[in-house]
Visitor: 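Once you've had a glance at the structure underneath, I'll fire off some questions.
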Amino acid sequence: MEEIRIQRTEHPAPKPDPNGLGFGRIFSDHMFLMDYSLELGWHDPRIVPYAPFTLDPSAMVFHYAQEVFEGLKAYRAPDGGVQLFRPADNGQRLADSCERLCIPPVPVEDFVAAVKALVEVDAGWVPSAPGTSLYIRPFIIATDANLGVHASHTYIFCIITGPVGAYYASGIDPVKIYVESADVRAVRGGTGYAKCGGNYAASIRAGERAEAEGYAQVLWLDGVERKYIEEVGSMNVMFKIDGKIVTPALTGSVLPGITRRSCLELLRDWGYEVEERLVTAQELFDAGAGGRLEEAWGTGTAAVVSPIGEMGWEDKHVVVNGGQIGPVTQKLYDTLTGIQWGTQPDPHGWTVKL
Ligand SMILES: *Cc1c(COP(=O)(O)O)cnc(C)c1O
C-alpha cells in the first residue's frame, strides 16, 4: 500500500457525553478511504474528514448488495494507551468475505495498517469510561454505475469509527431467545460464512417478529433441514451440556466469529472438553428438560458474551441456569474483557498496541 495521506478536519466535533454513547449513532472526526480500479488496483489510501459519499444511483451496491464489512473495537488501557484485539483476524475474514462476493481483497497487512492509522488520528475519540470503546466499522462497496449483474470493476474501501457505550450498562442480564423455524439466515453454498450486508437483510424480519413477541434474539436453524442450531441473532452460540462445551461447527452457513475462536481457545486452555459439531434444537431442549443444559451464551464483538436465560421453540420452553448468568459464561466475560481492556495478562498475544 502507498503511504496513507492524512487530511485533518478543520472542524473537530465536540466529544460526546461518555454516559450516553449507545451503539452506532456517533461517529469520529475522520474516515479512511481507498479506491479500487482495474487499472490501478487498490490505490490512494487516505484519511479525510468524516463526510457523506456521492454515488451514482446505479452504483451496484444499491441494487445487488455486493458489499462486505467487518466490526472490531479499540480499547483504552489503564495506562492510557489504546489497543486493538486480533485485528489481523478481522483482516483475514474480510479477505475471505471478499473472495465469496467477488470483491478484490485488501491485503491483511494493509487492513491492519489502515485501522491503526485511523485510530491514531482519532485516538481522542477512544473513550475511557468503564466498558466503553471505539467501535471500528470497515466495509467495501461496489461502485460501478451499471445495472448489469456481474462483479463491479470499481470499489471503495472505507473505515468509520465511533465511540460506543458499555454493552451492559446495568449488569449482565441474560436474554430470552426464540428458535426461528420459518425464516433462515443462510444456507450452505450461500454467504453465511461471509460478513456481508445481504445476510442481515434476510435476517431482519425474524428479528422484528421475535422482538414483537418479547424475545431479544432469534436462534437460527440451518437452512436445509431446519434442525440444527447455527447462531443466535448476529452472534455465535455455545452451550454447556453435561459439563462439556458444545458449539455449532463452521459448516459454511455459520459466521466464523473471532470472539467464538477466542472463547474456544480459552475454554481449551482451562481444560474443558470442547465439541464443534452439529447440534439439533431437539438435543438442546431435551438437555434443558432433563436438567443437563447448564449454560448457554452468545459470543460477538459487541457484547463479548451474552448469557441466554430462556429459550422458546414452538410450544416448548426452557429456562437455563435459573435465568442467571452461569460461572463459565461469567469467567469468559471477565477474562476476555480483561484482555481487551488491558487489565489482565494476554498470554496469547491477542492485543495490538497502537
Ligand atoms: C460478526 C458476526 C458474528 C460475531 O463475530 P465476532 O468476530 O466475534 O464479532 C457472529 N455472527 C454473525 C452473523 C456476525 O455477523
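All ligand and atom numbering here is 1-based and tracks the order in the structure.
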Visitor: Taking N or O atoms only and a 3.5 Å limit, does Gly71 qualify as a polar contact for ligand 1?
Guide: no

Visitor: Please tell me whether Asp29 and His11 have a donor and an acceptor in their side chains that are separated by less than 3.5 angstrom.
Guide: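 No.
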
Visitor: Do me a favour and list the nearest non-hydrogen protein atom to atom 13 (C) of ligand 1 with residue, atom name and distance?
Guide: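 The closest heavy atom on the protein side is Arg185 NH1, 3.3 Å.
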
Visitor: Hey, would you say the Phe32 and Phe157 ring centroids sit under 6.0 Å apart?
Guide: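 Under 6.0 Å, so yes.
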
Visitor: Are any of the N or O atoms of Thr259 closer than 3.5 Å to those of ligand 1?
Guide: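 By distance alone, the answer is yes.
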
Visitor: Assess whether side-chain hydrogen bond (donor to acceptor under 3.5 Å, both in side chains) is satisfied between Glu310 and Tyr215, documenting all intermediate values.
Guide: CA-CA 9 Å; Glu310 256 182 87; Tyr215 292 89; over 6 Å; no

Visitor: Look only at interatomic distance and state if Tyr200 has a nitrogen or oxygen under 3.5 Å from any nitrogen or oxygen of ligand 1.
Guide: yes

Visitor: Taking 4.0 Å as the limit for heavy-atom contacts, which would you say applies to Asn199 with ligand 1: side chain only, backbone only, both, or neither?
Guide: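 For Asn199, there is no contact with ligand 1 at all, from either part.
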
Visitor: Please confirm whether the ring centroid of Tyr200 lies under 6.0 Å from the ring centroid of Phe69.
Guide: yes

Visitor: So if I count the atoms of ligand 1 from 1 in the order they appear, which ones are less than 4.0 Å from some heavy atom of Gly257?
Guide: 5 (O), 6 (P), 7 (O), 8 (O)

Visitor: Are the side chains of Phe85 and Lys73 in contact, using a 4.5 Å heavy-atom criterion?
Guide: no

Visitor: To which protein heavy atom is atom 14 (C) of ligand 1 closest, and what is the distance rounded to 0.1 Å?
Guide: Lys195 NZ, 3.0 Å

Visitor: Side chain, backbone, both or neither: which applies to Thr301 and ligand 1 if a contact is any heavy-atom pair less than 4.0 Å apart?
Guide: both

Visitor: Please could you name the atoms of ligand 1 that Arg93 approaches to less than 4.0 Å, counting only its heavy atoms?
Guide: 5 (O), 6 (P), 7 (O)

Visitor: Phe285 vs Trp313 aromatic rings, parallel, tilted or perpendicular, using cut-offs 30° and 60°?
Guide: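 Rings of Phe285 and Trp313: tilted, 30 to 60°.
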
Visitor: Considering only the protein, which heavy-atom contact is closest to atom 11 (N) of ligand 1, and what is its distance?
Guide: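 Looking at atom 11 (N) of ligand 1, the protein heavy atom closest to it is Glu231 OE1, 2.5 Å.
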
Visitor: Who's the nearest protein heavy-atom neighbour of atom 3 (C) of ligand 1, and how far?
Guide: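 Protein heavy atom at minimum distance: Ser234 O, 3.4 Å.
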
Visitor: Ring centroid separation for Phe23 and Tyr167, is it under 6.0 angstrom?
Guide: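 For Phe23 and Tyr167, the ring centres are not under 6.0 Å apart.
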
Visitor: Does the side chain of Gln340 reach to within under 4.5 Å of the side chain of Val304, using non-hydrogen atoms?
Guide: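 SC-SC contact between Gln340 and Val304 confirmed.
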
